[in-house]
Amino acid sequence: MRLAGGRIIDPAHGIDGQVRDLYVRDGRIVEAPPDGPDAQTIDVTGRIVMAGAIDLHTHIGGGKVNLARMLLPEDHRASGYERTALTRSSCGHATPGTLAAGYRYAEMGYTACFEPAMLPINARQTHLELADTPIVDKGCYALLGNDDFFLRMLATGEPQARINDYAAWILDCTQAIAIKVVNPGGISAFKFNQRRLDIDEAHVHYRVTPRQVLRTLARAVHELGVPHPLHVHGCNLGVPGNVDTTLATIDAAEGLPIHLTHVQFHSYGTEGDRKFSSAAARIAEAINAHANVSADVGQIMFGQTVTASGDSMMQYHNAELGSPRKSVIMDIECDAGCGVVPFRYRDQSFVNALQWAIGLEIFLSVRDPWRIFLTTDHPNGAPFTSYPHLIRLLTDRAFRSDMFQKIDPDARAASTLGSLTREYSLYEIAIMTRAGPARTLGLSDRGHLGAGAAADITVYRDEADRERMFAAPQYVFKDGELVVRDGRLVAVPAGGRVHAVKPQYDRSIETAVADYFERYQTTSASAFRISADELCECGSGLLVHECRGKPR
Ligand SMILES: [Zn+2]
């Protein structure tokens with residue numbers, strides 16, 4: 001197949017709008033064939049051609065997502081997908097069912113989604129849901145840092161190499177691509193009746209601090225050669241004044257790579273009459289100054305959504321703010337916990353309006369688009385379906401200014417957003433939504449349009465209204481197959497691949513883990529392990545990416 005005459009935006013190769021043809025054979029992008037007739041030519045003259053988009057942080061499967069679905073029948077009643085000749089029925093806006101999630105992502109030009117909070121004990125459930133999510137590729141980040149086995153190792157001073165083996169074993173067993181830590185040590189501390197845990201406070205039982213947890217896990221991920229740095233949801237989520245904790249978190253990494261997720265929720269000061277202020281400038285300055293740090297924003301948008309987090313400690317505090325007022329706060333075996341609280345962000349609320357502005361301030365103040373990623377922390381800040389609107393806010397200053405005039409006046413007065421003139425280019429959007437996520441996750445054959453890459457391709461009309469443009473691409477190809485035309489599905493291939501990494505480790509860790517599982521867990525270590533065959537049986541192929549400096 002030949003895609004003829006499009007304007008290619010492919011930041012991985014430094015290509016910005018060059019007109020050239022793209023060739024696809026057997027699901028891969030290939031060099032131009034020497035001669036002979038093309039099997040099929042699609043004219044995309046004047047269109048913008050990018051790799052399929054990659055969402056590196058979206059909660060679309062696993063325990064707490066399913067709890068959120070059950071907690072919000074009204075969300076599902078209000079938003080249905082009818083069965084057609086092509087699609088099965090599904091529903092949900094803030095917490096779409098598996099089918100609706102796959103359909104909607106594909107319709108927006110996304111071809112890969114990463115579930116960032118897979119509890120190892122829930123890994124099987126997560127993979128089953130993701131296998132049921134059609135069209136898109138996926139991957140999971142395994143949660144560590146609040147599990148009893150890890151905290152025991154840390155408390156008893158086990159060597160770093162042993163902890164590395166455990167982290168690698170978890171990645172291997174759960175078919176994950178990265179390690180995430182949520183409220184380091186805090187979810188566990190909650191079970192011991194601590195209600196706060198700042199970065200240098202000690203856990204009452206294990207006598208370790210979040211700083212130790214962060215440093216040890218960041219080192220483990222780095223020494224194992226896992227491409228994506230430790231994915232960090234820090235302490236004090238959503239607490240006014242948490243900017244100091246976030247800056248201390250960067251400090252705790254001691255120069256090792258870390259990724260700060262939904263950093264908007266961690267960028268709050270205590271200035272002003274209401275003791276809540278934007279610290280976006282300080283956070284952006286710190287990210288700009290530390291090349292080892294990347295972040296995704298977790299932008300909020302106004303309207304109804306649900307917050308679903310592994311951070312049971314902070315969600316316990318948020319439960320009284322729930323709208324509608326209901327919640328689930330849960331401890332999960334010896335692993336961690338979760339909290340689900342429905343939420344309605346209002347543009348006339350001072351706090352919500354300022355949160356919205358803080359996210360945009362961060363986007364516009366971090367200079368390097370390779371180290372900042374476009375997320376709403378779906379569904380926590382807003383459903384992923386708001387991405388086209390967010391892209392317009394970033395690329396269109398006049399539109400942003402109009403929206404800024406509509407928010408709570410006190411929040412407007414407290415924000416510098418009106419003075420930020422930057423407009424993201426399409427090239428920078430392509431970095432944030434394709435090339436950047438692929439690079440940080442180590443997906444060598446995704447997120448770009450070079451020969452050998454998977455033919456995950458999105459073709460847009462170059463419309464002045466970027467929201468319209470990104471909401472309904474003209475064509476979306478998944479592995480070379482046309483799946484969307486004019487923003488509508490035309491084919492629904494089964495779930496894509498599961499992306500994973502397999503760092504090498506000393507298998508003797510399995511003896512210790514097996515003994516532990518036998519004594520304390522409800523499953524055995526052998527049943528805990530998910531094999532590649534099992535993934536295939538439930539409908540997903542496994543795609544293993546290389547770790548840095550190590551043979552696979
Ligand atoms: Zn998240």
Side-chain angles (χ1 to χ4, degrees), residues 54-69 94-96 101 105 110 112-120 122-123 126 129-130 138-146 176-184 186-187 217 228-239 242 246 249 258-267 294-301 305-315 318 328-330 332 335-343 345 355 358-359 362 372-387 390 437 440-441:
I54 300 169
D55 193 343
L56 93 169
H57 192 110
T58 176
H59 300 278
I60 56 167
K64 68 181 177 298
V65 176
N66 226 24
L67 285 173
R69 291 180 185 127
T95 54
Y105 260 115
Y110 277 75
C113 302
F114 288 82
E115 162 54 56
M118 176 176 69
L119 216 54
N122 279 346
T126 308
E129 286 182 36
L130 293 179
K138 36 259 173 174
C140 301
Y141 310 161
L143 285 185
L144 284 182
N146 285 287
I177 193 168
I179 298 285
K180 184 191 191 193
V181 62
V182 172
N183 189 349
I187 304 170
L217 284 175
H228 188 54
L230 179 64
H231 200 89
V232 178
H233 157 150
C235 320
N236 289 333
L237 171 91
V239 177
N242 62 13
T246 308
T249 302
I258 56 165
H259 177 89
L260 303 175
T261 191
H262 44 69
V263 72
Q264 178 276 130
F265 289 107
H266 301 268
S267 302
S294 60
D296 64 87
V297 171
Q299 177 68 35
I300 74 142
M301 296 289 189
T305 192
V306 58
T307 62
S309 174
D311 197 339
S312 47
M313 175 186 267
M314 301 319 293
Q315 289 291 68
N318 290 334
V328 178
I329 309 291
M330 196 163 148
I332 300 164
D335 253 19
C338 75
V340 180
V341 181
F343 206 83
Y345 294 103
Q355 287 179 299
I358 289 168
I362 294 170
I372 190 93
F373 301 94
L374 190 135
T375 66
T376 56
D377 190 18
H378 164 84
N380 292 303
F384 65 81
T385 42
S386 61
Y387 285 169
L390 175 54
T440 188
L441 291 167

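When a ligand or atom number is given, it counts from 1 through the structure's own listing order. This is a predicted model, so every value here is computed, not measured.
- When only modelled atom types and interatomic distance are considered, Tyr105 and Thr58 share a side-chain donor-acceptor pair under 3.5 Å.
- Residues Gln299 and Gln264 form no side-chain contact, since every pair of their non-hydrogen atoms from C-beta on lies 4.5 Å or further apart.
- Excluding waters, the set of protein N/O/S atoms under 2.8 Å from the Zn ion (ligand 1) reads His57 NE2, His59 NE2, Asp377 OD1.
- Judged purely by atom type and a 3.5 angstrom limit, Asp311 uses its side chain to pair as donor or acceptor with the backbone of Met314.
- With sequence neighbours excluded, the residues satisfying side chain to side chain contact (heavy atoms under 4.5 Å, CB included) with Ala176 are Met118, Ala142, Leu171, Thr174.
- No hydrogens or angles considered: a donor-acceptor pair under 3.5 Å links the side chains of Asp296 and Thr261.
- The closest side-chain heavy-atom distance from His262 to Thr375 is not below 4.5 Å.
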